[in-house]
Trainee: 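Sending over a structure as structure tokens; questions will come in a sec.
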Amino acid sequence: MMRKTPFIDRDLAAAIDEKIPTPFHIYDEAGIIANVNNIKEAFSWNNGFKEYFAVKALPNPFILEILRKNGIGVDCSSLTELMLSRAAGFSGHEIMFSSNETPAADYILAKELGGIVNLDDATHVDYYDRLCGLDETMSLRFNPGGTFTVSNGIMDNPQDAKYGMTEDQLIESVKKMMDRGVKHFGIHSFLVSNTVTNDYYPMLAKQLFALAVRVHEKTGAHISFVNLSGGVGIAYLPDQEPNDIFVIGEGVRKVYDEIFGPAGMTDVAIYTEMGRYVTGPYGALVTKVIHKKHIYKEYIGVDACAVNLMRPAMYGSYHHITVLGKEDAPSDGIYDVVGGLCENNDKFAIDRPLPATDIGDYIYIHDTGAHGFAMGYNYNGKLRSAEVLLHPDKSFEMIRRAETPKDYFSTFDFSDYKL
Ligand SMILES: *Cc1c(COP(=O)(O)O)cnc(C)c1O
């Protein structure tokens, strides 16, 4: 079994806890920047390459600003994600707007910010045109239908997914949009989530590049980019081989040369919208053991719960756990690590081998940098945690305070009630 190493130790966790009480999510700025540099390098063979970070994975303006300063754009799908991106300094074609079932107000703000709008459905051509007028550069989301198999058993059923349009609809839309003055087109598709294999992007690219050639041949449209979207996974399990972004970049390059070379379309830019891969491994949820319970099983009760990290409760996802300060102790106990929701699925780990664990220990839950804090909610009146940024010099900064009861009650008019 490979080992997963926390990016903070017990002393640092304790020092942070003194100023910013647990639970908190902490993000490793140095790790994020190094990763982003690797992504850019892996695709540097493509002139127009740009990664648009999926804001939903980690919607914090401090993180977004770090990404912007390192040449990354944003992929938004809602009004507030657009507002957040504006606040973090993004504008124009640094913004991709990939939404579905889109309210009018969202399209209007995307237009105002000058973002690239990715239409999810053929009917949205007229909808967006009436609302905002079509743009010179626009993107269309493709759904190939059928099933899509990558490798080592990874597959999904695009035919059952609500996203995107068929090839015929896409081609008819391009024709209609050209008639109305659209000059440059992008093609986008997102087929499988969290693929831990270097084959996903190259296989998706092969389909989308071939589609781009067909669209160009049938309509004469200028295809300015192909957006491979998200779905590049991370190794949540300690014995999983992580993706190698350089192998992925090379794989896409090979398909690019094979398909776009003969078609004379070598000016097509590659865009990506990775979320999980960009920040996932560089975040952790730090929580403290507040109770231990022995009934039919051994329980470790912590001060975080599923509202702070929903993935295990929602999908049964594995998140590795390290008891800080006990990294080298043998894992000779079997525990369920649980939060305080009145829901029995509020378990960060089930039957997990861990070292002997005591009240007051810091539990470090790995890989919460994407779809972690972001999926938070307030069930049972539980509150969202703080977010902390660990700078490259190991100093730390609170980049979002924890919620207080006042936040919880802020959407209700209490003038007639006494709390
Ligand atoms: C969620 C999402 C992404 C990011 O997905 P990851 O799995 O986090 O990489 C990208 N694009 C769109 C349209 C999405 O909905």
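Numbering of ligands and ligand atoms starts at 1, following listing order. These numbers come from the heavy atoms of this one structure, side chains and all, not from hydrogens, waters or symmetry mates. Since the model is a prediction, treat every value here as computed from it, not as a measurement.
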Trainee: Hey, would you say the His188 and Phe190 ring centroids sit under 6.0 Å apart?
Mentor: no
Trainee: Would you please indicate if the ring centroids of Tyr318 and Tyr236 are separated by under 6.0 Å?
Mentor: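 Here the rings of Tyr236 and Tyr318 have centres that are no less than 6.0 Å from each other.
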Trainee: Tell me whether Arg10 forms a cation-pi arrangement with Tyr362, defined as NZ or CZ under 6.0 Å from the six-membered ring centre and within 45 degrees of its axis.
Mentor: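 The answer is no; the distance or angle limit is not met.
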Trainee: Does Arg400 make a cation-pi contact with Phe24, if we ask for NZ or CZ under 6.0 Å from the ring centre and within 45° of the axis?
Mentor: no
Trainee: Using the ring centroid of each side chain, check whether Tyr27 and Tyr282 are separated by less than 6.0 Å.
Mentor: no
Trainee: Would the His222 and His184 ring centres measure less than 6.0 Å apart?
Mentor: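 Centroid distance His222-His184: below 6.0 Å, so yes.
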Trainee: Near ligand 1, which protein residues have a heavy atom under 4.0 Å away?
Mentor: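 If the criterion is a heavy atom under 4.0 Å, then ligand 1 touches Ala54, Lys56, Asp75, Ser98, Arg141, Phe190, Ser229, Gly230, Gly231, Glu273, Met274, Gly275, Arg276, His371.
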